[in-house]
Amino acid sequence: MKSTSNLYEFASKNKTLTAITIELNTNCNWRCKHCYIDDYSYEYELSFNVIKRLFIEMRKMGVVDLLFTGGEMFLRKDILEIIKLARSMFFDVSLFTNASLLNESVIKSLKCLYIDHISCTLFSLDDSIHDSITGVNGSLQKTMENLKLLKQYNIDVEVKHIITNLNMHEHKRIVEYCTSMGFKYRLTPSIWSKKDGDHSPLNLKVDETYLRKNLIEIDELRSSSKIVKHENLFVCNATRYSLFIMANGDVTPCTNLYKSIGNISENSLKDIWKSSEYLNKVQNLKWKNLHVCKNCEVSDFCMRCSGIALLEHGDLLSCNRYERINATIRKEYYSKGRRRHNGKICSTIC
């Protein structure tokens with residue numbers, strides 16, 4: 001996987017649209033207990049012609065990186081054509097898929113298309129745990145088979161491991177597996193509500209007792225640490241260089257902020273990016289605007305997300321109560337002088 005930190009730093013500074021996540025469809029072959037999808041009774045899917053039009057507009061705007069997600073994108077019969085078109089237009093393409101629907105033929109095609117990487121989720125290496133979370137028997141076995149093929153064809157893989165109260169003792173095995181396979185990994189205990197505001201996924205969060213025993217180890221495994229907050233620090237740099245396009249055509253500031261700022265069937269992407277007052281507000285939010293957070297004694301240890309604050313507390317500027325618990329644990333630990341911070345920026349998984 002490439003490093004884009006300098007590119008994104010420049011794009012953020014100049015508020016230049018550089019990266020876009022596209023939700024190609026909403027239907028999925030899994031039913032993960034934590035999933036943000038609120039209603040499986042409807043299915044949205046961006047048409048190939050709409051996607052082609054978007055790609056042309058994106059190139060004119062200077063977009064470089066595309067992340068395709070779903071639903072499960074490999075339920076689309078034209079998915080390889082979409083990826084092929086994107087690569088022919090010189091986008092760097094990454095895929096967020098559960099990997100269960102891949103096969104050797106598809107993986108060979110992906111290799112020839114030189115995608116940047118595939119990101120998938122493993123909840124456990126134990127079938128009973130993983131499959132109980134996905135709601136599909138055999139889901140782990142199929143995903144593991146395809147991960148072996150991805151390694152065989154030398155395609156970069158990132159494994160996301162979401163820590164819940166159903167799999168809270170699995171992260172060490174996941175890390176060992178990824179290390180042995182040469183895969184990157186990302187760990188997080190963060191879970192958020194469904195996009196319709198249904199808070200039921202929050203019942204899967206690990207409790208404070210678990211966090212006090214494991215959070216520091218998890219932070220170190222994901223190389224997270226503190227960042228000193230100052231009043232002119234932007235609350236969310238990502239919104240200054242990226243957008244999320246949903247399968248129904250709605251455009252939102254990011255994958256966690258489900259506030260439509262336009263629809264591609266009604267507005268051009270350029271107009272949405274340049275003219276949305278709400279997007280401009282989010283992009284220019286600074287730490288000094290967070291009246292609750294700016295004077296918080298644990299703010300330097302916090303991974304607060306405005307999108308999650310809005311979704312769960314109804315206020316873009318409010319405190320994320322769960323993240324405050326995490327920040328408090330970190331400060332208590334490091335204030336004892338047990339370890340020194342490395343200065344890396346904390347971030348949530350999106």
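Excluded from the calculations below are hydrogen atoms, water molecules and symmetry mates; all remaining heavy atoms, backbone and side chain alike, are included.
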Tell me, yes or no, whether the heavy-atom count around [X] atom [atom1], taken from other residues, nucleotides or ligands under 6.0 Å, exceeds 12.
X	atom1	answer
E297	CD	yes
K294	NZ	yes
K288	NZ	yes

Are [X] and [Y] in a cation-pi contact, defined as NZ or CZ under 6.0 Å from the six-membered ring centre and within 45° of the axis?
X	Y	value
K160	Y185	no
K108	Y153	no
K286	F234	yes

Side chain of [X], backbone of [Y]: donor and acceptor closer than 3.5 Å?
X	Y	value
S276	W273	no
S318	D315	yes
S109	S105	yes

Ring centroid separation for Y177 and H161, is it under 6.0 angstrom?
no
Non-hydrogen atoms of [X] and [Y] that approach each other most closely:
X	Y	answer
L215	P189	CD1-CG, 4.5 Å
E104	Q152	OE2-NE2, 3.9 Å
Q283	T239	NE2-O, 2.9 Å
S190	E323	OG-OE2, 3.0 Å
V159	C178	CB-SG, 3.6 Å
S193	D198	CB-O, 3.3 Å

Determine whether S265 and N263 satisfy the following criterion, side-chain hydrogen bond (donor to acceptor under 3.5 Å, both in side chains), listing intermediate values before the conclusion.
CA-CA 5 Å; S265 65; N263 189 288; 2.6 Å; yes
Begin from the C-alpha positions of N203 and S200 and carry the test side-chain hydrogen bond (donor to acceptor under 3.5 Å, both in side chains) through to its verdict.
CA-CA 6 Å; N203 296 326; S200 60; 5.7 Å; no
Relative to the ring of F91, is the ring of F55 parallel (under 30°), tilted (30 to 60°) or perpendicular (over 60°)?
tilted
Taking the inter-plane angle between the rings of Y210 and H171 on a 0 to 90° scale, is it parallel (under 30°), tilted (30 to 60°) or perpendicular (over 60°)?
perpendicular
From CA spacing to verdict: side-chain contact (heavy atoms from CB on, under 4.5 Å), D116, D156
CA-CA 7 Å; D116 186 76; D156 284 342; over 6 Å; no
Does R321 pair with E312 as a salt bridge, N-O distance under 4.0 Å?
no
What I want to find out is whether K52 reaches E81 closely enough, with some N-O distance under 4.0 Å, to be called a salt bridge.
no
Just do the salt bridge (Lys or Arg N to Asp or Glu O under 4.0 Å) check on E176 and R173 with the steps written out, would you?
CA-CA 5 Å; E176 290 172 357; R173 290 183 65 199; over 6 Å; no
Chi angles and distances behind the salt bridge (Lys or Arg N to Asp or Glu O under 4.0 Å) call for D219, R330:
CA-CA 9 Å; D219 279 352; R330 293 185 187 108; 2.5 Å; yes
Hey, mind stepping through E45 and T26 against side-chain hydrogen bond (donor to acceptor under 3.5 Å, both in side chains) and telling me if it holds?
CA-CA 7 Å; E45 182 174 289; T26 56; over 6 Å; no
